Amino acid sequence: MKQGQDKLVNSPVCNSDACYESEFTTQDGVVKTWLCMTSGYTSNTTMTLDSEGLKQTMELTAELIKALRLDLVPPGGGEKLAWFPTTITMPEKGMIFPEPIKGAGKDEWMWTVVKAIDVPEEEQKKYPDPRNPGKFYKKRMDMKNLKRFDKMCFMDAAEELGMFDRNLVEDEN
């Protein structure tokens with residue numbers, strides 16, 4: 001896969017100038033992806049409103065994320081695309097996901113960050129890895145100590161998770 005030039009563009013979700021655009025080439029052609037670092041919404045050029053990719057996403061995605069879908073023209077123009085709040089799982093660090101605010105309307109939600117914590121060796125048998133029979137997880141998500149962030153503060157949630165830690169970002173120089 002050939003990588004294109006990454007850049008920041010204006011987000012069609014919230015008009016912030018912190019929407020990360022990336023481009024890469026697959027066997028089917030060039031694909032552009034977007035992740036708005038303010039709202040946490042993401043899309044790509046395969047998510048056209050009549051696409052098979054969108055149909056599959058709608059079948060496999062959690063109800064809250066489907067309910068929060070937005071159909072918007074991407075940065076630079078073109079055909080409307082489906083945009084969804086992202087969910088990020090980093091097994092060694094934790095997760096970020098949208099969570100509804102209890103008792104509020106469907107548009108009322110927050111970003112939730114849970115960190116991965118070590119599972120003591122004597123407890124690992126309680127956490128079998130379903131994809132690797134006979135193996136056990138060494139980390140689990142600490143659901144007791146979660147942190148919540150406003151729905152327009154995705155970057156703060158990502159920072160809390162440690163997505164910008166220097167040792168994770170490879171130096172391209």
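Just so you know, these numbers come straight off a predicted model, no measurement behind them.
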- request: For Trp83 and Thr42, run side-chain contact (heavy atoms from CB on, under 4.5 Å): C-alpha distance rounded to whole Å, both residues' side-chain angles, the deciding distance at 0.1 Å, then the answer.
  value: CA-CA 5 Å; Trp83 293 70; Thr42 186; 5.6 Å; no

- request: Could you check Leu70 against Val13 for side-chain contact (heavy atoms from CB on, under 4.5 Å), going step by step and ending with a plain yes or no?
  value: CA-CA 8 Å; Leu70 299 172; Val13 176; 3.9 Å; yes

- request: Given side chain to side chain donor-acceptor pair (under 3.5 Å), test Asp50 with Thr48 step by step and report yes or no.
  value: CA-CA 6 Å; Asp50 60 353; Thr48 57; 3.2 Å; yes

- prompt: How far apart are the C-alpha atoms of Lys138 and Tyr127, what are their side-chain angles, what is the distance that settles it, and do they pass the side-chain contact (heavy atoms from CB on, under 4.5 Å) test?
  reply: CA-CA 8 Å; Lys138 293 179 175 31; Tyr127 300 95; over 6 Å; no

- prompt: Between Glu160 and Lys115, is a salt bridge (charged side-chain N to carboxylate O under 4.0 Å, His left out) present by the stated rule, with each step listed?
  reply: CA-CA 9 Å; Glu160 174 66 26; Lys115 296 225 175 146; 3.3 Å; yes

- prompt: After noting the C-alpha distance and the side-chain angles of Phe97 and Val114, does the key distance pass the side-chain contact (heavy atoms from CB on, under 4.5 Å) rule?
  reply: CA-CA 9 Å; Phe97 55 91; Val114 294; 4.2 Å; yes

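In terms of heavy-atom proximity, Ser39 sits nearest to Phe154 at C-CB, 3.9 Å. Considering every non-hydrogen atom in both Met141 and Pro91, the closest pair reads CE-O, 4.3 Å. Scanning both residues, Lys139 and Ala116, for their nearest heavy atoms gives CD-CB, 4.1 Å. Nearest heavy atom pair, residue Leu35 against residue Gly40, reads CD1-O, 3.8 Å. The two residues Thr38 and Ser16 come nearest to each other via the heavy atoms OG1-OG, 3.0 Å. In this structure, Pro128 and Tyr137 approach most closely via the heavy-atom pair O-CE1, 3.4 Å.
Atom CE in Met110 sits 13.0 Å away from atom NZ in Lys147 (nearest 0.5 Å). Put simply, NZ on Lys144 and CD1 on Ile117 are 8.0 Å apart, with the number rounded to the nearest 0.5 Å. Note: Thr61 OG1 to Gln56 CD = 10.5 Å, rounded to the nearest 0.5 Å. Remark: Ile96 CD1 to Ile88 CD1 distance equals 4.5 Å, nearest 0.5 Å. For the atom pair NZ (Lys66) and CG (Leu60), the distance works out to 8.5 Å, reported to the nearest 0.5 Å. Atom CH2 of residue Trp109 and atom CG of residue Leu68 lie 6.0 Å apart, to the nearest 0.5 angstrom.
The shortest side-chain heavy-atom distance between Ser11 and Pro75 does not fall under the 4.5 Å cut-off. Between Phe84 and Thr57, the closest side-chain pair of non-hydrogen atoms falls below 4.5 Å. Contact check for Asp6 versus Glu21: no side-chain heavy atoms found under the 4.5 Å cut-off. Contact of the Met90 side chain with the Leu161 side chain is registered, since non-hydrogen atoms from C-beta on lie closer than 4.5 Å. At a threshold of 4.5 Å between non-hydrogen side-chain atoms, the residues Thr46 and Ser51 do not count as touching. Side chains of Cys36 and Cys14 form a contact here, defined as non-hydrogen atoms less than 4.5 Å apart. Taking the side chain as every heavy atom from C-beta outward, Asp71 and Leu49 approach each other to under 4.5 Å.
One N or O on the side chain of Trp111 and one on the backbone of Lys151 form a donor-acceptor pair closer than 3.5 Å. Side chain of Ser43 to main chain of Ala82: a donor-acceptor pair is present (N/O by atom type, distance under 3.5 Å, no hydrogens or angles). Formation of a donor-acceptor pair under 3.5 Å by the Gln124 side chain with backbone atoms of Val119 is found in this model. In terms of modelled atom types and a separation under 3.5 Å, the side chain of Asp118 and the main chain of Pro120 share no donor-acceptor contact.
Here Asn132 pairs with Asp129, Lys135 under the side chain to side chain contact (heavy atoms under 4.5 Å, CB included) rule; sequence neighbours left out. Take Thr45 and apply the side chain to side chain contact (heavy atoms under 4.5 Å, CB included) test, not counting sequence neighbours, and it matches Val31, Lys32, Trp34. For Glu99, the side chain to side chain donor-acceptor pair (under 3.5 Å) partners two or more places apart in sequence, or in a different chain, are Thr112, Arg148. Residues satisfying the ring-ring contact (aromatic ring centres under 6.0 Å, His included) test with Tyr41, not counting sequence neighbours, are none. Residues forming a side chain to side chain contact (heavy atoms under 4.5 Å, CB included) with Val73 (at least two apart in sequence, or on another chain): Lys80.
Using a cutoff of 4.0 Å between basic side-chain nitrogens and carboxylate oxygens, Glu123 and Arg140 are not scored as salt-bridged.
Cluster annotation: Met95 is not connected to Phe149 through the hydrophobic network of ILVMFWY side chains, with a link wherever side-chain heavy atoms come within less than 4.5 Å.
In this structure, Tyr20 belongs to a hydrophobic cluster whose other members, linked by side-chain heavy atoms under 4.5 Å apart, are Leu8.
For Glu59, the CD atom sits in a packed shell: over 12 heavy atoms of surrounding residues, nucleotides or ligands are nearer than 6.0 Å.
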